[in-house]
S.K.: 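Pasting a structure below so you can have a look.
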Amino acid sequence: MTTGLWQRLHRQRVPLLWWTSRRTYLLFVLRELTSVAVVWFVVYLLLLVRAVGAGPGEYERFLDWSARPWMVAINALALALAVLHTITWFMVTPQAMVLKVRGHRVPGLVLAGALYVAWFAVSAVILLLVLS
Amino acid sequence: MSRDRTSAEPFLWLLFSAGGVVTALAVPVFLFLFGIAFPLGWLDPPSSAEIYTLLRNPLARLAVIVLCGLGLMHAAHRLRHTVRDGLQLQRHGTAIAAACYGTAAFVTAVAVVLVSML
C-alpha cells in the first residue's frame, strides 16, 4: 500500500507567514492579537491594585513609572488594540447571538447599537467614579 | 462534529465570550485614563486616599476580579488558537491549551490575593 503510506505522510506545507499575504488575513491576526492587549490590561490593573494596597508612596511611584515615555507608548498601542477589540467584538456579536423579543429576532444593527450604548455607559460610570 | 458530551469546549467558549464582552466595555476607558490621560497630565489622577477608598468597595473588588478572571480566560482562548494554528503546532495542542488556561487561572488567583490584601 505505497499510495496509502504516501497519502498519510504527505502534508501540504503552509508558509509560517501565510497571514501576511492578504489584508483580510492580516486583520484577522491583528484581531486575535488584541488578546495581548487584554493580558497587558490585566497586568497593569494588578500593578495599580498592588501599589494602592502598598500605601501612598507606592501609588506615587506607580504614577511616576506610568508617565515614562516608553510606558505611554506601550499604553497607547494597547489602547489602540483594545478599541479594535471592542469594535470587532461588537461587529461579530450580532452574528453569534440570536436575541428574540416576543418571537421576533432583534435586528443585528439594533443589537450593535445597544452594545455601543453600553460601552458609552460603562465608560462614563468608570470615568465618574475615578474622577470624582 | 464531536459527539463527546463531556467536552469542556462549550464552557471554555462561554468564558471566552463573557470575557470578550466585559473587556470590550471596560478596557479602553481604563487604559485611556491610567495609561494616557493621567501620565500626560490631561486629567488629574485620584489621590492615594481616594483610589484606596474606591478600590476597597466590595463591588469594585468584585469588578477587578471578574475583569481579570474573564479577561484572562478570553485572552487564553484566543492565544491558544492563534499559537496552535498560526504557528502550526497542532501536535502540541493539549500542552498549549494547558499552558494558556493554567496561566490564566494562576494570574486570576494572584488577582484575588492582591484584591483581598487591600
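Chain letters run A, B, ... following the sequence lines, proteins first, then strands; residues in each count from 1.
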S.K.: Considering only heavy atoms from C-beta outward, does the side chain of V122(A) approach that of V29(B) to under 4.5 Å?
M.R.: no
S.K.: Can you hop from Y116(A) to I126(A) via hydrophobic side chains spaced under 4.5 Å?
M.R.: yes
S.K.: Check whether T34(A) gets within reach of chain B through its side chain, its backbone, both or neither, counting any heavy atom under 4.5 Å.
M.R.: side chain
S.K.: Which atoms of V113(B) come close to chain A, meaning under 4.5 Å heavy atom to heavy atom: side chain ones, backbone ones, both, or neither?
M.R.: neither
S.K.: Please flag which part of R68(A) lies under 4.5 Å from any non-hydrogen atom of chain B: side chain, backbone, both or neither.
M.R.: neither
S.K.: Is it true that a side-chain atom of H85(A) and a backbone atom of P28(B) form a donor plus acceptor pair closer than 3.5 Å?
M.R.: no
S.K.: Given that the side chain runs from C-beta out, which part of F30(B) has a heavy atom under 4.5 Å from chain A: side chain, backbone, both or neither?
M.R.: side chain
S.K.: Is it the case that the ring center of W89(A) lies less than 6.0 angstrom away from the ring center of F16(B)?
M.R.: yes
S.K.: With a 4.5 angstrom heavy-atom cut-off, is it the side chain or the backbone of T82(B) that approaches chain A, or both, or neither?
M.R.: side chain
S.K.: Roughly how far apart are L118(B) CG and R50(A) CZ, rounded to 0.5 Å?
M.R.: 11.5 Å
S.K.: Let me know if L131(A) has heavy atoms under 4.5 Å from chain B in its side chain, its backbone, both or neither.
M.R.: side chain
S.K.: Under a 4.5 Å cut-off applied to non-hydrogen side-chain atoms, are V42(A) and T108(B) in contact?
M.R.: no
S.K.: Does CZ belonging to F120(A) count more than 12 external heavy atoms closer than 6.0 Å?
M.R.: no
S.K.: For chain B, find which of D64(A), V72(A), L17(A) contributes the most heavy-atom pairs closer than 4.5 angstrom.
M.R.: V72(A)
S.K.: Taking the side chain as every heavy atom from C-beta outward, state whether V107(B) and L46(A) have any pair of such atoms under 4.5 Å apart.
M.R.: yes
S.K.: By a 4.5 Å heavy-atom criterion (distance strictly below it), what part of F32(B) contacts chain A: side chain, backbone, both, or neither?
M.R.: both
S.K.: Considering only heavy atoms, which portion of L79(A) lies under 4.5 Å from any heavy atom of chain B: side chain, backbone, both, or neither?
M.R.: both
S.K.: Atom OH in Y59(A), atom CD1 in I51(B): separation rounded to 0.5 Å?
M.R.: 4.0 Å
S.K.: Transitively linked via ILVMFWY side-chain contacts under 4.5 Å: L81(A) with V22(B)?
M.R.: no
S.K.: Got a second to check how far L48(A)'s CG is from F34(B)'s CZ, nearest 0.5 Å?
M.R.: 5.0 Å
S.K.: When rounded to the nearest 0.5 angstrom, what distance separates CG in L31(B) from CD1 in I74(A)?
M.R.: 11.5 Å
S.K.: Report the distance from atom CG of L127(A) to atom CG of L43(B), rounding to the nearest 0.5 Å.
M.R.: 7.0 Å
S.K.: Give, for atom CZ of F90(A) and atom CG of L25(B), the distance between the pair rounded to the nearest 0.5 Å.
M.R.: 5.0 Å
S.K.: Mind ranking S35(A), A54(A), G53(A) by heavy-atom pairs under 4.5 Å with chain B and telling me who comes out on top?
M.R.: S35(A)
S.K.: W70(A) and I36(B): same hydrophobic cluster, using ILVMFWY side-chain contacts below 4.5 Å?
M.R.: yes
S.K.: With respect to chain B, which residue among A121(A), A82(A), G55(A) yields the maximal number of heavy-atom pairs within a distance under 4.5 Å?
M.R.: A82(A)
S.K.: Side chain from CB out, backbone as N, CA, C, O: work out which of these in L54(B) comes under 4.5 Å of a heavy atom of chain A, or both, or neither.
M.R.: side chain
S.K.: Is it the backbone or the side chain of V38(A) that comes under 4.5 Å from a heavy atom of chain B, or both, or neither?
M.R.: side chain
S.K.: Between V115(B), V64(B), L114(B), V110(B), which residue shows the highest count of heavy-atom pairs closer than 4.5 Å to chain A?
M.R.: L114(B)
S.K.: By a 4.5 Å heavy-atom criterion (distance strictly below it), what part of S47(B) contacts chain A: side chain, backbone, both, or neither?
M.R.: backbone
S.K.: Just so I understand: if I count every heavy-atom pair under 4.5 Å between each of V83(A), V39(A), V36(A), L45(A) and chain B, which residue has the most?
M.R.: L45(A)
